[in-house]
Amino acid sequence: MLRIGVIGCGTIGTAICKAIDNGIIEAELVAIYDRNVEDVEKLKSSLNSCRPDTLDIMDMSKQIDLLVECASQEAVYEVIPVALLAHCDVMIMSVGAFADEKLRKTIENLARNNNCKVYMPSGAIVGLDGIKSASVEKIHSVTLTTQKPPGGLAGAPFVDRNNIELDKINCKTVLFEGSASEAVRAFPANVNVAATLSLAGIGFEKTRVRIVANPALTRNIHEITVEGAFGEFTTRIENIPSPTNPRSSYLAPLSAIATLRMISNPFQIGT
Ligand SMILES: NC(=O)C1=CN([C@@H]2O[C@H](COP(=O)(O)OP(=O)(O)OC[C@H]3O[C@@H](n4cnc5c(N)ncnc54)[C@H](O)[C@@H]3O)[C@@H](O)[C@H]2O)C=CC1
Ligand SMILES: O=C([O-])CC(=O)C(=O)O
């Protein structure tokens with residue numbers, strides 16, 4: 001059975017561990033880790049049958065087949081190279097880290113040299129199947145428009161740097177327009193989806209991102225428009241925010257769980 005280790009015991013990490021505990025994912029939960037000890041203990045006490053060890057990345061990667069990162073962009077730098085050097089496959093949620101081309105190339109080379117896979121779930125967006133197919137030929141443009149309730153953008157470096165008072169926003173307001181590369185640095189915990197979209201399509205510089213604070217919303221909306229040799233498509237998703245983390249959509253942990261189910265299943269469905 002697939003032996004899994006999880007770094008990050010927050011909203012997504014907890015959902016993944018519970019899915020293994022409930023048998024929704026056919027795998028063994030070998031170890032978990034979080035820099036916040038309380039989060040580790042809280043997660044452990046919520047499990048019924050799994051008894052994961054608490055191990056740091058060095059010890060964890062000796063005992064697992066697959067490392068799941070669901071922590072932060074910073075954690076991608078800290079744990080992914082270590083896991084790949086230990087011949088573990090990895091699944092990354094904080095995909096925004098890959099706006100750093102040097103990191104992306106390092107991880108790609110490590111994965112190739114150690115014969116490992118790097119999985120990146122679709123997260124909170126729909127339409128990656130279409131853009132992957134479209135990218136076989138020329139894609140002219142990719143645009144992501146993300147709308148969140150203002151509170152869902154709290155803590156973003158862009159908001160803090162520009163002294164944006166989110167609680168004073170009383171109408172739909174475009175906060176940011178730029179490349180995906182700029183977007184994932186300005187909003188590291190809000191638009192990792194822009195990074196995944198860039199990797200599937202035309203890259204971080206050409207993918208355009210617009211981020212809108214909309215006080216009329218209770219949901220996180222991601223709208224993607226792609227134009228290319230195939231024609232044009234638009235996808236739109238209205239996500240319910242995760243109850244324990246309003247920045248993240250509920251579909252994100254579901255997508256992580258679906259990817260792990262795919263990895264542990266002989267049938268591979270869809271592009
Ligand atoms: N790819 C996608 O579509 C999506 C990606 N995300 C990203 O996935 C990651 C996890 O999201 P959530 O579970 O909602 O966040 P969360 O804030 O609920 O949990 C993150 C946990 O990771 C821990 N952590 C952070 N940095 C760490 C490090 N360097 N080492 C060890 N532990 C560390 C924190 O203490 C926290 O317990 C975030 O980076 C988030 O931005 C979130 C939603 C969608
Ligand atoms: O969950 C979402 O709506 C998107 C998100 O936070 C991310 O991509 O980081």
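Ligands are counted one by one from 1 in listed order, and the atoms in each one are counted from 1 as well. Residue numbers start at 1 and run along the sequence shown.
Below 3.5 Å of separation, one finds no N or O of Q73 facing any N or O of ligand 1.
For K172, the side-chain contact (heavy atoms from CB on, under 4.5 Å) partners are Q147, V212, N214, not counting sequence neighbours. With sequence neighbours excluded, the residues satisfying side-chain contact (heavy atoms from CB on, under 4.5 Å) with N265 are F267.
Here is the list of ligand 2 atoms found below 4.0 Å of a heavy atom in A189: 6 (O), 9 (O). Atoms of ligand 1 found under 4.0 Å from any heavy atom of A124 (numbered from 1 in listed order, with element): 3 (O). Interface of A124 with ligand 2, defined as ligand atoms under 4.0 Å from a residue heavy atom, comprises 1 (O), 2 (C), 3 (O), 4 (C).
Note on ligand 2: G123 sits outside its first shell, no heavy atom being nearer than 4.0 Å.
Comparing S249, A183, P241 by heavy-atom distance to atom 2 (C) of ligand 2, the nearest is S249. The residue among N192, N220, L251 with a heavy atom at the shortest distance from atom 4 (C) of ligand 1 is N192.
Of the protein's non-hydrogen atoms, A71 O, 3.6 Å is the one closest to atom 20 (C) of ligand 1. Looking at atom 18 (O) of ligand 1, its nearest protein heavy atom turns out to be T11 N, 3.0 Å. From the protein, the heavy atom lying nearest to atom 5 (C) of ligand 2 is N190 O, 3.0 Å.
Tested against S94 for a side chain to side chain donor-acceptor pair (under 3.5 Å), the candidates E74, Q73, E69 yield a single pass: E69.
We find the OH-CD1 distance between Y250 and I12 to be 12.0 Å, quoted to the nearest 0.5 Å.
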